[in-house]
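Keep in mind that what you see is a predicted model, and the values were worked out from it rather than measured.
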Amino acid sequence: MLVVEDDHDIAELVAHYLQRAGYRTEVLNSGSEVLPHVREQVPDLVLLDLMLPGLNGLEICRAMRSEPTLAAIPIIMLTAKSEEADRIVGLELGGDDYVTKPFSPKELVARVGAVLRRAGRSRSGQRRLRFGDVLIDAEQHVVTVDGAEVRLTAKEYLLLKYLVEHPGRVLSRDLLLSDVWGYRYTGGTRTVDVHIRRLREKVPVLRDAIVTIKQFGYKLLESPAPAARRP
């Protein structure tokens, strides 16, 4: 597990609690060190401060999500910024969770465990899911549409997988936050809307297949609309 934090005291505190919980940790204090490091040695999870020297956390997250070999690594963002707009930017770029400073080290460890469990479930469940021409390969963590790969962030992938696993079911925003985002997520239900919008943009068949249930949540149709099927 990789801790990226330029404040040495915070980095040591986080590493100490993670090690007490049984995790092997490494610490980096500069953003410019992160990408070369994770390309050489892929971690199970990255705890990523946003305000870093060399390369900031948002740039690192964007770069990791754009590289197929790094895109599935869970990322928990650590930041002093608590505004909703800042959280949404971080999550849109592919963060799996967002923790604002000051934070409880014990809660942070619990969030780490929850994110790792969700990532593990995505690998250990059904290997392939299909929705029309959309194929989800859970083993490779890859989504293709009519054979062409679609690049999704880790959270977009998990949200799509959850929807495809529950076709025809009306899913509240709170339920999606609980089951996809997990342990005591506090980012607000607007986060769900942002990720649904991104899925609709990246996977056109979902534009009509994901139905908005006003003031409640979303439902994925049992199958794509006829117009969206291949001729």
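- Looking only at side-chain heavy atoms (C-beta outward), Leu159 and Leu176 come within less than 4.5 Å of each other.
- Cluster annotation: Leu152 is connected to Leu129 through the hydrophobic network of ILVMFWY side chains, with a link wherever side-chain heavy atoms come within less than 4.5 Å.
- Across all their heavy atoms, Gly57 and Leu48 have their closest contact at O-CD2, 3.3 Å.
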Tell me, with the steps shown, if Glu149 and Thr144 meet side-chain hydrogen bond (donor to acceptor under 3.5 Å, both in side chains).
CA-CA 4 Å; Glu149 183 176 347; Thr144 57; over 6 Å; no
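- Between Tyr23 and Gly113, the shortest heavy-atom distance links the atoms OH-CA, 3.6 Å.
- Judged purely by atom type and a 3.5 angstrom limit, Arg65 uses its side chain to pair as donor or acceptor with the backbone of Ala71.
- Among residue pairs with one or both ends in residues 193-213, those qualifying as salt bridge (Lys or Arg N to Asp or Glu O under 4.0 Å) are Glu92-Arg197, Glu92-Arg198, Glu156-Arg198, Glu156-Lys202, Arg173-Asp193, Arg197-Glu201; sequence neighbours excluded.
- Of the possible donor and acceptor atoms, one in the side chain of Arg151 sits under 3.5 Å from a partner among the backbone N and O of Ser66.
- For His166, the ring pair (Phe, Tyr, Trp, His ring centres under 6.0 Å) criterion is met by Tyr162, not counting sequence neighbours.
- Listed by first then second residue, pairs satisfying salt bridge (Lys or Arg N to Asp or Glu O under 4.0 Å) with a partner in residues 33-60 read Arg39-Glu67, Asp49-Lys101, not counting sequence neighbours.
- Two different hydrophobic clusters hold Val170 and Leu220 under the rule that ILVMFWY side chains link at heavy-atom gaps under 4.5 Å.
- Val115 and Phe103 fall within a single hydrophobic cluster, where Ile, Leu, Val, Met, Phe, Trp and Tyr are joined by side-chain heavy atoms under 4.5 Å apart, directly or via other members.
- The hydrophobic cluster containing Leu177 also contains Leu175, counting ILVMFWY residues as joined when their side-chain heavy atoms lie under 4.5 angstrom apart, directly or transitively.
- Cluster membership for Val112 and Leu13, using ILVMFWY side-chain heavy atoms within less than 4.5 angstrom, is shared.
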